[in-house]
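Down below is the structure, laid out as structure tokens.
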Amino acid sequence: MNDTPHRYTAELAGRIETTWQDRWEEQQLFRAPNPAGPWADPETVARFDGAMFVLDMFPYPSGKGLHIGHPLGYIATDVTARFNRMLGKNVLYSLGYDAFGLPAEQYAVQTGQHPRKTTEDNIVVMARQLKRLGMSYDDRRAIRTIDPDYYRWTQWIFLQIYNSWYDENAPREDGGRGRARPIAELVAQFESGERATPDGRAWEDLTEPERAHVLDEHRLAYTSQAPVNWAPGLGTVLSNEEVTNEGRSERGNFPVFKKNLRQWMMRITAYADRLADDLDRVDWPEKVRIMQRNWIGRSHGASVRFAVDGSETVLEVFTTRPDTLFGTTFMVVSPEHPVVDRLVADVWPEGTKPSWTGGANTPAEAVDAYRLAASRKTDIERQTEGKDKTGVFTGSFAVNVATGERVPVFVADYVLMGYGTGQVMGVPGQDQRDWDFATAFDLSIVRTVQPPPDHDLDTAFTGEGPAINSTNDGVSLDGLGVAEAKARMTQWLTEIGAGEETVTYKLRDWLFSRQRYWGEPFPVVFDEDGVAHGLPDSMLPLELPDVPDYSPKTFDPEDNSSEPEAPLARATDWVEVDLDLGDGKGMRRFRRETNTMPNWAGSCWYYLRYLDPENPDAVVDPANEEYWIGPRPAPIAGAPEGAVDPGGVDLYIGGVEHAVLHLLYARFWHKVLHDLGYLSSSEPFRKYFSQGYIQAPAYQDSRGQYVEASEVIETAGADGQPEFTWNGEPVTREFGKVGKSLKNMISPDDMYAAYGADTLRLYELGMGPLEASKPWETRAVIGSQRFLQRLWRNVVDEESGELVVGEDDPSAEVLRVLHRTIDAVRADYVSLSFNTAIARLTELNNALTKVSGGAPRAAVEPLILMTAPLAPHICEELWARLGHVESLAYEAFPVADPAYLVEDTVTCVVQVRGKVRARLEVPSDIAEDALRERALAIPKIADQVAGGVRTVIVRAPKLVNVVPA
RNA sequence: GCCCCCGUAGCCCAAUCGGCAGAGGCAGGCGACUUAAAAUCGCUCGAGUGCGAGUUCGAAUCUCGUCGGGGGUGCCA
């Protein structure tokens, strides 16, 4: 029989936790009122002290359920949500499911179940695990991307983007220029003649397909032929992330080919500048802002036009180093570039070196062979060949505009078609790639920046230095530094009409279609001329049809000529439809788009739907948007002078693996909707915090195979280092991401059973800073349980279950500890420093344990309130046992009394030359002079500075440093 | 290759503005409770901050170099 029936064991914790979880749910305690929309309750909203939107990256409902790595961020947001409720804020906090996607489809194909069934089953499992963790979600707002009521609006947003164009000259309210406008306004410009059509004909003289084609050049969502990763053996296209370094599919290890297919694209490049500039206005980790800026890859330089000798053809290059133009000794064009055809000469001209010809008899032969070889190489092969430069001479010469010299034009695959103009000027003196090419092809090298004396003579010099060899009749750069020389050269190029200042980006338009079943259908149909039409709102949602077979058609893995067949294409009854689009043309025959949207679509805007999930009339009521995420009066700390707050979610926590794509795509959509007037905020996430990973030990046997981590036995070795064995065999330990592949899965369910959810929450946040990755150690979880057991014992007698709190006033000493703790914990919660908050609470808890006569109620109650965001169940239970009827979820968070924060006396350290030599107990308000005198009067100090004092540094009241002469 | 972050006790981690290296936890040691063990409780041991310079009255903190670990990116003109 248990001696201590009221001890806080895992079993008791489990009972308490499930009881409170049910109670919270019954009382609908965490439902946040909205000011407008279907749930409008402005009176309740008015009772709060402002709004706070706390957001997690919503999960993909995997069949394996949660592991202990997942909840870290969720616990952090839950603590933040609970803390802010206690500060009087109206807190919006929920968690939906990102439920379309490839794994569900693949699992469905394997098991013969419908992906909706397996997905919904998985959601049930995850929802149970999360409820058991004690999350304070508003359950009404937990949207699922697969629900037609949700993806109706995903489709609606797609249509807004499709029906928009980017007007680079339109003024914005923030003072800049460029914003999305309805496509109808562009049509009006064409109709009125304000804007000329590409070929100059009048708009009304264009056929409908011609007009559609013109508009496609402007739409923010458009179709185009684009190269994609095609795996015939899988019957599907793959994202780049799904392709291995060896150019095979991650799943199944099938060959992957680049294939040109008609695809939907999103014109995200139109927003490149704003996506880069507005990073200054959001409160994000600097690391993530740098990653996004790198991804956008804005670079400033100049475009320069080169005449081709004896031809009308003009080559146009982009360079970030116009100052080095005098050092251009050759030109290079990408093999895929259409201009190559016009460059190929009939015969090898005089001066052609043997190494330039590739052994061919004519330039045409050489270039054809080279282009064919390049086309057969994958991107990966081009990369893995590294720095070995290959190429052939075209037989043409261009004219260096600065020197007037003829320079040979080459075709080489180190120049990429997809960046800049696909043509470069070869400047070996100041570019290592060009140097390598010049060396391989025996081309001349002219330095136009003076390298320092210690510079390696066999390499390019890319650093800062004075320009040399850079003077002609029109311009001289000699002696100028790089920045000045760039400006001077760009100015000269502009004057003579040979070039101008230019900005380029690495960012590409976003490939937006997938040949999959389990995704949002495009709300688009094609008429018999092949012209695309967006469906009218009244036809949304366009529901994903049930099909008998949702697996993609597979082919011979090596059959590059095969074409993907989207599963929806087989639903012929659905694809071929007669519709009246309401455009005055009556009932017509259409063919539906059979691609589906990528996984990103649903996750691009889910946070907006949390704001107003049941609104049938709008994606979100403008008043709700404004209330929850509208711009605030003050910009974020550290924003540039004059910056305006962009609005957005108050706190978004998620893994850094989504730092580039998801966050960038969501920002893009948000800005489009802002431009079109649907949103007052211009950024989705005002503050983003990237959490670290929890790593768990994984073990490999002598063959390098991972073994089940839970079955590994640790022993102390002869040298005191731990040794590990599995089934008696020695294994080696490493730390890695938790999961199936490393066989180190640890389920939160096991932790609930062994310790309880409150202990798990406390342990995960107590491990270290939220942003750090740290190793899981099951053995250490006990420490968090002990903390809660001590807290329990401060209130409840383990034998009898009676209250044991003292009703006397706390001592001054206890009050000082209490108020110092309040002060620190408040600050720690605000800065997400949960590990130090836990340490402070532990300290206070330990101190109360030692108070004779029982921990005083006046100290225990604030301790419980402060611990409640971290460990809500046990705190609710103790709060109730202390006689409170209401949940503590909306109790005011304790406030520190400044009177208890100041000490009467402090210990002052007295240093000699920076080394501590003595200590003084002094009044905390001691004057500098008095402190100096007292320090110098200490005999030990006086002895040490007998030779005289050079200076005394006093930092009253805590430090005196005496520097002897 | 380039860019960013991190190295503090056996382990995970603290340390406002540069001012006594230690808040908290794990493990270890000692003790209490127990017939015994586990659990629990109390007490306790423990590093001079990866390494080398520099700045400073004073450096874990700032600067430079170097080593180790992690992340991003990659022929981006």
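Computed over heavy atoms, backbone and side chain alike; hydrogens, waters and symmetry mates excluded. Quick caveat: nothing in here was measured; it's all calculated off a predicted structure.
Between A:Phe410 and A:Phe330, the ring planes lie perpendicular to each other; the angle is over 60°, past the 30° to 60° tilted range. Using cut-offs of 30° and 60° on the angle between ring planes, the pair A:Trp792 and A:Tyr8 is tilted.
Residue-level contact check: A:Thr421 touches neither bases nor backbone, having no heavy atom under 4.0 Å from any strand. As judged by a 4.0 angstrom heavy-atom cut-off over every strand, A:Val963 is placed among residues touching the sugar-phosphate backbone only. At the heavy-atom level, A:Leu841 lies nowhere under 4.0 Å from the strands shown. No engagement by A:Glu286 is indicated, since no non-hydrogen atom pair under 4.0 Å with the nucleic acid exists. At a threshold of 4.0 angstrom between heavy atoms, the contacts of A:Ile838 with the nucleic acid are absent.
Salt-bridge check for A:Arg934 with A:Glu921: failed, with every basic side-chain N at 4.0 Å or more from each acidic carboxylate O. Salt-bridge formation is detected for the pair A:Arg932/A:Asp929: a Lys NZ or Arg NE/NH1/NH2 atom is positioned less than 4.0 Å from an Asp or Glu carboxylate oxygen.
Residue A:Arg786 places its side chain closer to B:C41 than to any other of B:U73, B:A77, B:C41. Checked against B:C26, B:G72, B:C57, the side chain of A:Glu777 finds its nearest nucleotide in B:C26.
The partner of B:A60, taking Watson-Crick or G-U wobble pairs whose two distances both stay under 3.5 Å, does not exist in any strand shown. The base-pairing partner of B:C43, taking Watson-Crick or G-U wobble contacts with both distances under 3.5 Å, is B:G29.
Between the base of B:G1 and the side chain of A:Gln432 there is no donor-acceptor pair shorter than 3.5 Å. Side-chain N/O atoms of A:Lys389 and base N/O atoms of B:C75 include a donor-acceptor pair closer than 3.5 Å. No hydrogens or angles were tested; on distance alone, nothing pairs the side chain of A:Arg790 with the base of B:C41 as donor and acceptor under 3.5 Å.
Regarding contacts with the backbone of B:C41, a side-chain N or O of A:Arg793 is found under 4.0 angstrom from either OP1 or OP2. The side chain of A:Asn961 places no N or O atom within less than 4.0 Å of a non-bridging phosphate oxygen (OP1 or OP2) of B:C20.
Stacking of A:Lys389 on the aromatic ring of A:Phe437 is not recorded, the 6.0 Å distance cut-off and the 45° axial limit not both being met.
In this entry the base of B:C17 is syn relative to its sugar, with a glycosidic angle within 90° of 0.
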